[in-house]
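Read through the structure below, which is laid out as structure tokens, and then see the notes.
If you read the sequence from its start, that first residue is 1, and numbering goes on from there.
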Amino acid sequence: MRILVVEDEEGLAESLRRGLCADGHWVDVAHDGHRGLDLARTGPYDAVLLDLMLPGLSGYEICTRLRADGDPTPVLMLTAKDGEYDEAEGLDCGADDYLTKPFSFVVLAARLRALARRAAAGSDPRPTLQAGDLVLDPGGRRCRRGPHDIELTARELGVLACLMERPGLAVAKQDILDQVWDVPHAVDPNIVEVYVSSLRKKIDAPFGRRSILTVHGTGYRMAPDGG
């Protein structure tokens, strides 16, 4: 893969560069937000490792601008912040995954491979899923509510597909982790709540719907009629 690392801690950036190059990847590095955005826009990259707190432009701003440009490159956000609201904000601005410092390089590499697989999964054989006027095409990575297109990250798409494949049935958080995350044993099951919250803001709130319902003590279920 060709990977862009945007990280202002030069020691960490160099460590990531060496580790990723040792794994056989091409790596470019930027130490500030403006340079990172310029490189990301001139790409193409298979993935972007994006620090949250950067001089010039924050990781939030970079990710928001890339998505506004229509750039679908998978973004793995790196941050010293570990609050769920910080993670939710990262997902809302278009990041595909989120890793809190300090982190294991083995886990980071596994998540990068997972993002790359999902980004290349135009061959996803799953059929189009529908619940009322909510339509999800997992293979084409497209979602719409009626005539309105809805932009989802790769992880959001995976969580939504997991629920829409089982309309009306309760799906446990752990089942969602096992299906959507490549290293589910290394992930706190409560992360599913963050992605469900992000999905509700995109597919329900703007349309006055409640399609993803909480099943207390278990997980979530998709209303068969799309809410």
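In this structure, Leu50 CG and Thr73 OG1 are separated by 11.5 Å, a value rounded to the nearest 0.5 Å. Within the model, atoms CD1 of Ile176 and SG of Cys162 stand 5.0 Å from one another, a figure rounded to the nearest 0.5 Å. Rounding to the nearest 0.5 Å gives a distance of 7.5 Å between CG of Asp204 and CG of Leu134. In this structure, SG on Cys63 lies 12.5 Å from CG on Leu57, to the nearest 0.5 angstrom. The line from CG of Asp133 to CZ of Arg145 is 5.0 Å long, rounded to the nearest 0.5 Å. Between Thr79 atom OG1 and Leu52 atom CG the span is 4.0 Å, to the nearest 0.5 Å.
Using a 4.0 Å cut-off between a side-chain N of Lys or Arg and a carboxylate O of Asp or Glu, Lys202 and Glu151 do not qualify as a salt bridge. Remark: Asp137 engages Arg142 in a salt bridge, criterion side-chain N to carboxylate O under 4.0 Å. Residues Asp97 and Arg111 are paired through a salt bridge, judged by an N-O separation under 4.0 Å between the basic side chain and the carboxylate. A salt bridge links Lys101 with Asp51; the closest basic N to acidic carboxylate O contact falls under 4.0 Å. Ionic pairing of Asp23 and Arg17 is not present here: no N-O contact between side-chain nitrogen and carboxylate oxygen is shorter than 4.0 angstrom.
Heavy-atom minimum distance, Gly70 versus Pro72: O-CD, 3.3 Å. Contact between Ala40 and Asp71 at its shortest, heavy atoms only, is O-OD2, 3.8 Å. Residues Ala223 and Ala131 come closest through the heavy atom pair O-CB, 3.8 Å. Of all the heavy atoms in Pro138 and Leu157, the pair that sits closest is CA-CD2, 4.0 Å. Residues Ser211 and Ile203 share a closest heavy-atom pair of OG-CD1, 3.6 Å. Looking at every heavy atom in both residues, His31 comes nearest to Ala13 through CE1-CB, 3.7 Å.
When the side chains of ILVMFWY residues are joined at heavy-atom separations under 4.5 Å, either directly or via intervening members, Met53 and Met77 end up in a single hydrophobic cluster. When hydrophobic clusters are built by joining Ile, Leu, Val, Met, Phe, Trp and Tyr residues whose side-chain heavy atoms come closer than 4.5 Å, directly or via intermediates, Leu213 is not grouped with Val192. Note on Val135: it does not cluster hydrophobically with Leu163, by side-chain heavy-atom contacts below 4.5 Å among ILVMFWY residues. Hydrophobic clustering keeps Trp26 apart from Leu4 (ILVMFWY residues linked when any side-chain heavy atoms are closer than 4.5 Å, directly or through intermediates).
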For this session: Please test Arg144 against Asp149 for salt bridge (Lys or Arg N to Asp or Glu O under 4.0 Å), starting from the C-alpha separation and ending with a verdict.
Result: CA-CA 4 Å; Arg144 61 181 171 83; Asp149 290 329; 5.7 Å; no
Problem set entry | Step-by-step side chain to side chain contact (heavy atoms under 4.5 Å, CB included) determination, Phe207 to Ile150 | CA-CA 11 Å; Phe207 307 99; Ile150 302 171; 3.8 Å; yes
Problem set entry | Candidate pair Asp32 and Leu54, rule side chain to side chain contact (heavy atoms under 4.5 Å, CB included), full reasoning | CA-CA 6 Å; Asp32 68 81; Leu54 293 163; 5.9 Å; no
Exercise. Under the side chain to side chain contact (heavy atoms under 4.5 Å, CB included) criterion, do Phe103 and Val107 qualify, and how do the steps go?
Worked result: CA-CA 7 Å; Phe103 49 80; Val107 171; over 6 Å; no
Exercise. Do Arg67 and Thr153 pass the side chain to side chain contact (heavy atoms under 4.5 Å, CB included) test, and can you show the C-alpha distance, the side-chain angles, and the key distance before you say yes or no?
Worked result: CA-CA 10 Å; Arg67 297 309 186 228; Thr153 68; 5.5 Å; no
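For Arg35, there are no side-chain hydrogen bond (donor to acceptor under 3.5 Å, both in side chains) partners at least two apart in sequence or on another chain. By the side-chain contact (heavy atoms from CB on, under 4.5 Å) test, Thr64 is found to be paired with Cys93, residues two or more places apart in sequence or in another chain being considered. Scanning for salt bridge (charged side-chain N to carboxylate O under 4.0 Å, His left out) contacts around Asp38 gives an empty result, with sequence neighbours left out.
With hydrogens and angles disregarded, a donor-acceptor distance shorter than 3.5 Å links the side chain of Asp46 to the backbone of Arg2. With Gln130 contributing its side chain and Gly132 its backbone, the two residues share a donor-acceptor pair below 3.5 Å. A donor-acceptor pair under 3.5 Å links the side-chain atoms of Arg200 to the main chain of Ile212, judged by distance alone. Within the 3.5 Å criterion, the main-chain N or O of Glu9 finds a donor-acceptor partner in the side chain of Glu7.
In this structure, Thr214 and His216 have side chains that are in contact, with non-hydrogen atoms separated by less than 4.5 Å. Side-chain contact between Leu129 and Glu165 is present, with at least one heavy-atom pair separated by less than 4.5 Å. Side-chain contact between Leu20 and Leu112: present, with at least one pair of heavy atoms (C-beta onward) separated by less than 4.5 Å. Contact annotation: the side chain of Met222 never approaches that of Arg166 to less than 4.5 Å [non-hydrogen atoms, C-beta and beyond]. Here the side chains of Arg65 and Leu37 are in contact, with some heavy-atom distance below 4.5 Å. Residues Tyr98 and Arg155 fail the side-chain proximity criterion, which asks for heavy atoms closer than 4.5 Å. Between Arg221 and Leu169, the closest side-chain pair of non-hydrogen atoms is not below 4.5 Å. No side-chain heavy atom of Ser198 sits less than 4.5 Å from a side-chain heavy atom of Lys201.
Leu16 pairs in a side chain to side chain contact (heavy atoms under 4.5 Å, CB included) with only one of the listed residues (Leu78, Val29, Val27, Ile3), which is Leu78.
Residues Gln179 and Asp175 bring no donor and acceptor atom of their side chains to less than 3.5 Å of each other.
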